2 protein chains.
Amino acid sequence: MLDKLTHQPHGVNAKALESKLVRVGVLGFGGLGQAAARVLAPKREMLWVAAADQKGYAYESAGLNPDNCIQTYCSQGSLGHLEPGGTLSNHSIQDLIETASVDGYFLALPNLPNTFMASVARQFIQAGWQGVLVDALKRTSALQELLTLKDELQEAGITYMNGCGATPGLLTAAAALAAQSYAEIHSVNITFGVGIANWEAYRATIREDIAHLPGYDVERAKEMSDAQIEALLDQTNGILKLENMEHADDVMLELAGICSRDRVTVGGVVDTRNSKKPLSTNVQVTGRTFEGKISTHTFTLGDETSMAANVCGPAFGYLKAGISLHQRGIYGLFTAAEIMPQFVH
Amino acid sequence: MLDKLTHQPHGVNAKALESKLVRVGVLGFGGLGQAAARVLAPKREMLWVAAADQKGYAYESAGLNPDNCIQTYCSQGSLGHLEPGGTLSNHSIQDLIETASVDGYFLALPNLPNTFMASVARQFIQAGWQGVLVDALKRTSALQELLTLKDELQEAGITYMNGCGATPGLLTAAAALAAQSYAEIHSVNITFGVGIANWEAYRATIREDIAHLPGYDVERAKEMSDAQIEALLDQTNGILKLENMEHADDVMLELAGICSRDRVTVGGVVDTRNSKKPLSTNVQVTGRTFEGKISTHTFTLGDETSMAANVCGPAFGYLKAGISLHQRGIYGLFTAAEIMPQFVH
């Protein structure tokens, strides 16, 4: 069965070996990376052993403690200061890859610039590392960068799970599933609502959102100071309204054979001053059935679920599915629309 | 990639070989089997070459014509009367297995008695046939019968896709996907609405529904005459209200590791005199996120989509996914909750 987790040791972690735990690393330790650590902590099937930020990394084969890591990062600016287990480094990702025994990494990285995710994937290839990589990227152009690495990933023995957050990710997969009732897909419309009480906990994510606004791009958003972002948010009462966003859901659904990319639209409303969502996140799939009826399936996320839950949950579900593929010798690049994620206990 | 269809020839169908068409057979030719033929007809990736009913079968390696087949079946009572291509037989399934070159069969069979689907699977095993089987069974007990064949199917080189209709099937997979946002699943509630203008086109399905009513069972429903069913429906104004149904979604979600079977409930309302659905078919997945929030994701099917569209579409989507698995040498028994179906053009 695809869901059977037979542990493939890369190192000497006896505890992980005995219990067939999947040893997980998290790259990036902003809001998303920290949430990933909290999601992982209670899991019985996965053990969080490694993490890296821009200035350092932490590795502990017996498992890292999220509270200690978050406290160290927030008070001292890098996981490299963690005692014991931390190492300061200007090549933190590369050093961690070479040091740690990890079965799969979640790339909780901002994608500024757009080529960053692909450059990280290249580091894994060049290091001769084998295992599963999962990202929660957003932009079509970032996905397209990764697509150029497809053959290299396959040859390297890496199973790369692409676009495995909320959108792209959970909602893209729901669209692929919903499409099954139809002979032809007319449109896939993804509309997300995000409410965060304090945008500063998600600086990178908010910059990525701002880059989607008219008159902004990735470079300009990246260069904005926190004060400039505050000023922008003051003008909009904390609301970011995003339309026709460049989101990789379009290419993912095209690659999965669902519909051409121009039939996929993504938009949303982000409230940066209120944890309550301004609208219910949903995907609507409209198509024609074999009898000629036009109809719409809708998948709606519960308002109480946070962005962190809807991104990190699926990401680790896809990591588990990726481990199953990897154990079968199935390498290369897969998107969230092609593979059913597995539930992680 | 898992979605690449490299044709594996079992026979000498030159046209299918050239175009890498998946040659499909349909077992059972009641309402569901006939709808399956209509769903298949416009597909460019699949070719409908074979079908069987209780009294005969039809096989044409260049493709069967749905209109001719349905007309023959309705006017003469069996596909065995089809000219050319039909053969009358009291062992129609077995004869068809031995005669036809088919890559995958959709088992559009009623599951009365509960062991019928498993007995058909056994016929495929005993015939030494290799390929993909897909069912749209409903009952937990029917699934459990099939689970006992898991190892035999794997050894036989058969990839059996289980519970791949609407529910179980599309909605079960949507539940498995929705579960990803949560750390723990509290309940999965599936509620379906079905409207059919003329129940006589779905005699077997309606008997299966009646078997779920209090005071009825599979045997009693099977023995009812059409007149007795008419009388029952007259009493309820054509409405069948079903609660706590024995539906295989429960074991499928347990097998997929989502939650224990007792947290899954299935109910619905069937209007046998009105093609409009009495309520929107949906699945609600309630759980607790890693932050401790309780919330509910909802997947709702468009009212204009028929039972036939929501069963046959997913069934062939899973058949396509099954073909990919089979080509990779992955055999055995898989449920709709474990595998992402592929869109069939």
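Just so we're on the same page: letters track the sequence lines, and every chain starts at 1. None of the values given here were measured: they were computed from a predicted structure.
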Can you see which heavy atom on A:Ala336 is nearest to which on B:Met340, and at what distance?
O-CE, 4.0 Å
Of A:Val283, A:Thr298, A:Asn282, the largest count of non-hydrogen pairs under 4.5 angstrom with chain B goes to A:Thr298
For the student: nearest non-hydrogen atoms of A:His297 and B:Phe299, plus distance:
CD2-CZ, 4.3 Å
Quick one: of A:Ser280, A:Ser181, A:Ala35, who has the most non-hydrogen atom pairs under 4.5 Å with chain B?
A:Ser181
Which bit of B:Phe290 is near chain A, if near means a heavy-atom gap under 4.5 Å: side chain, backbone, both or neither?
side chain
Option in B:Ile294, B:Val344, B:Thr300, B:Val285 with maximal non-hydrogen atom pairs under 4.5 Å from chain A
B:Thr300
If you count heavy-atom pairs within less than 4.5 Å of chain B, which of A:Ile185, A:Thr289, A:Leu301 leads?
A:Leu301
Residues 303-314 of chain B: residues contacting chain A (heavy atom under 4.5 Å, by number):
B:Asp303, B:Glu304, B:Thr305, B:Ser306, B:Ala308, B:Ala309, B:Asn310, B:Gly313, B:Pro314
At a heavy-atom separation under 4.5 Å, does B:Thr296 approach chain A through its side chain, its backbone, both, or neither?
backbone
Contacting region of B:Ala178 [heavy-atom separation from chain A under 4.5 Å]
both
By side-chain contact (heavy atoms from CB on, under 4.5 Å) - contacts of B:Ala337 (at least two apart):
B:Thr172, B:Ala176, B:Leu253, B:Ala256, B:Thr335
B:Phe343 side, atom CZ; A:Glu338 side, atom CD - distance, nearest 0.5 Å:
15.0 Å
If you count every heavy atom of other residues, nucleotides or ligands that lies below 6.0 Å from B:Lys43 atom NZ, does the total exceed 12?
yes
Where at least one partner belongs to residues 250-259 of chain B, residue pairs that pass salt bridge (charged side-chain N to carboxylate O under 4.0 Å, His left out), sequence neighbours excluded:
B:Glu254-B:Arg261
Looking only at heavy atoms, which two atoms of B:Leu177 and A:Ala174 are closest? And how far apart?
CD2-N, 3.3 Å
Largest heavy-atom contact set with chain B, pairs under 4.5 Å, which of A:Gly287, A:Ser295, A:Ala41
A:Ser295
Taken in chain and number order and not counting sequence neighbours, the residues that satisfy ring-ring contact (aromatic ring centres under 6.0 Å, His included) with B:Phe106 are B:Phe316
